[in-house]
Amino acid sequence: MTKAIFEIYLKYENILIYGFGMPATPVLIVGAGPVGQLAALLLSRHGIASRLVDRRSAPSTAPKAHAVNPRTLEICDSVGVPAARLHAAGASANDAGWVRFVGTLAGPDFGALPYERQDDNALAHTPFPLTNIPQPKFEAALAEAIAADRNILFTRGVACAGLAEGTSGVTATLESAGGEVSTLDCGYVIAADGAGSPLREMLGIAMEGPPSLQHYVMIHFKADLRTLTEARPGVLYFLFDPKTGGVLIAYDRADTWVLMHPYDPDAETRESFDDTRCRKLIEAAIGMTPPPLQIHNISPWTMSAQVAERYREGRVFLAGDAAHRFPPTGGLGLNTGAVDAQNLAWKLAAVLKGEAGAALLDTYEIERRPVAKVNCEQSLANAGKLFDLLFALHGTD
Ligand SMILES: Cc1cc2nc3c(=O)[nH]c(=O)nc-3n(C[C@H](O)[C@H](O)[C@H](O)COP(=O)(O)OP(=O)(O)OC[C@H]3O[C@@H](n4cnc5c(N)ncnc54)[C@H](O)[C@@H]3O)c2cc1C
């Protein structure tokens, strides 16, 4: 078969297999974060082709998630991203086995909690105990599987700028980074476009819950802090020294750290957190002159606790952070999104193949929204306990 004929075959393969009921692009997935990528791989596993687009021209380097739980690892393993490989790329259970409460990184120890479900005891419940892996490494493993999957057409630097629903599908307006505008007809759309979800806005779906609980400046830096943390390794260091505050996240004690520094946007601007000031904040958080370090990125982030009022508008479904935004206390955001993708993918596949009626798709929201609400409440309760501890130590100022 010549290359041109093969490409035409690929384009219409689903129609050849499943008949003319199957659109040439059965599913458009908007957003190639962990949830969009998993959705594409899961659909492919069920024999459904998808088009995946992301407005970013390169993957995000922000470490964000680190705790990937057993259910997410099971899902990854089922789509050809071996859990063993993710474990090998993540932090060791010894390195990431503790959550610590300290004055500063080098300062007094107030206590520690084990970061559970990582050790061999967890093997009684799951073949894949929780692993701590920085989100960019996790996404890179998914991207590798996507690149090898001919059911998925993935384009970066393309934003979805509009949606129009017809009787048998959706027409999406796509805009490239160079400003070229095109349209794409598809059967269904998965909006995996993150917490700010432009698609959710377009559909007029409101979020329920507090939009702004606390503002942080996220300072992503590279430093080798192994010697300093050798006696008390951990993945999270909650800082209680009144001169610093916030959290240090050790994605990799040898080189990848984030300082989450709380700030009040009414009292100071994001721009006031320049490189010089952030170096001083890192020094205060460490509690001594730090070894050489390199600041990669400084960005604001707002902690919220919200769930979308509904997960669906016609043929468009919200998944991942587009549907729910949790405080990170609990490590549940990505993990909840992974199961959204798993739940939605097999249902879309069954309906597209004519194996189930369209009513099956209603069960996506019925099953997943209550889970998001519980996980949101749990994450909020965890954050509340930490604030209580902080107030007990320092008062409410
Ligand atoms: C400090 C921190 C720690 C965290 N720790 C954990 C943890 O340990 N465990 C955990 O489970 N979760 C954790 N999370 C949450 C986790 O990072 C998110 O839940 C996860 O990134 C959500 O994935 P997503 O694919 O839904 O959205 P995103 O990762 O936000 O991806 C959305 C994508 O959509 C793209 N996009 C947006 N609009 C458009 C458009 N119009 N057209 C095309 N593309 C578009 C964006 O470019 C982006 O790539 C943490 C978050 C933070 C901030």
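One-based numbering, in listed order, for ligands and for the atoms of each. Quick caveat, the model's predicted, so the values are computed rather than measured.
Close contacts between ligand 1 and Val158 involve ligand atoms 43 (C) [criterion: under 4.0 Å to a heavy atom]. Close approach of ligand 1 to Pro198 (heavy-atom distance below 4.0 Å) involves ligand atoms 38 (N), 41 (N). If you number the atoms of ligand 1 from 1 as listed, the ones under 4.0 Å from a heavy atom of Gly320 come out as 26 (O). Of all atoms in ligand 1, numbered sequentially from 1 with element shown, those under 4.0 Å from a heavy atom of Pro34 are 23 (O), 25 (O), 29 (O). For ligand 1, the atoms closer than 4.0 angstrom to any heavy atom of Gly331 are 7 (C), 8 (O), 9 (N), 10 (C), 11 (O). Residue-ligand proximity, Ala159 to ligand 1, at heavy-atom distances under 4.0 Å covers atoms 42 (N), 43 (C). Taking a cut-off of under 4.0 Å to the non-hydrogen atoms of Cys160, the atoms of ligand 1 that pass are 40 (C), 41 (N), 42 (N), 43 (C). The ligand atoms of ligand 1 that sit less than 4.0 angstrom from a heavy atom of Arg56 are 47 (O), 49 (O).
Only the side chain of Val30 comes within contact range of ligand 1, with a heavy atom under 4.0 Å; no backbone atom does. When non-hydrogen atoms are compared, ligand 1 lies under 4.0 Å from the backbone of Leu332 (N, CA, C, O) but not from its side chain. With a heavy-atom cut-off of 4.0 Å, Val258 does not touch ligand 1 at all. Residue contacts with ligand 1, taken as heavy atom pairs separated by less than 4.0 Å, involve Ala67 via backbone and side-chain atoms alike. Of the heavy atoms in Ala192, only backbone atoms (N, CA, C, O) come closer than 4.0 Å to ligand 1.
Nearest protein neighbour of atom 31 (O) of ligand 1, counting heavy atoms only, is Gly33 CA, 3.5 Å. For atom 3 (C) of ligand 1, the closest non-hydrogen atom on the protein side is Lys64 O, 3.2 Å. Among all protein heavy atoms, the one lying closest to atom 27 (O) of ligand 1 is Gly194 CA, 3.6 Å. In this structure, the protein non-hydrogen atom closest to atom 13 (C) of ligand 1 is Ala65 CB, 3.3 Å. Protein heavy atom nearest atom 18 (C) of ligand 1, with residue, atom name and distance: Asp321 OD2, 3.3 Å. Among protein heavy atoms, atom 45 (C) of ligand 1 sits closest to Arg55 CG, 3.7 Å. The nearest protein atom to atom 35 (C) of ligand 1, hydrogens excluded, is given as Asp54 OD2, 3.3 Å; this is a heavy-atom distance.
In this structure Tyr115 satisfies the ring pair (Phe, Tyr, Trp, His ring centres under 6.0 Å) test with no other residue, sequence neighbours excluded.
Counting only heavy atoms from C-beta outward, the side chains of Leu293 and Ile282 approach each other to under 4.5 Å.
Checking only distances, Trp301 never comes within under 3.5 Å of ligand 1, N or O to N or O. In terms of N/O distances under 3.5 Å, ligand 1 is approached by Leu334. Between Gln135 and ligand 1, an N or O atom pair is found at a separation short of 3.5 Å. Considering backbone and side-chain N/O atoms, Val35 comes within less than 3.5 Å of an N/O atom of ligand 1. Between Tyr251 and ligand 1, no pair of N/O atoms sits closer than 3.5 Å.
Between the side chain of Glu355 and the backbone N or O of Ala350 there is no donor-acceptor pair closer than 3.5 Å. Between the side chain of Thr363 and the backbone N or O of Leu360 there is at least one donor-acceptor pair closer than 3.5 Å. Side-chain atoms of Asp241 do not come within 3.5 Å of backbone N or O of Gly103 as any donor-acceptor pair.
Taking the ring centroids of Tyr263 and Tyr216, they lie at or beyond the 6.0 Å cut-off. Note: Tyr311 and Tyr364 meet the aromatic proximity criterion, with ring centroids under 6.0 Å apart.
Comment: Arg253 engages Glu230 in a salt bridge, judged by a side-chain N to carboxylate O separation of less than 4.0 angstrom.
Going from atom NZ of Lys222 over to atom CG of Asp224 covers 9.0 Å, rounded to the nearest 0.5 Å.
Under the 6.0 Å distance and 45° angle rule, Arg312 does not count as a cation-pi partner of Phe317.
Ring geometry, Phe110 versus Phe240: the interplanar angle exceeds 60°, so the pair is classed perpendicular (tilted spans 30 to 60°).
Ligand 1 has at least one atom lying under 4.0 Å from a heavy atom of Met218.
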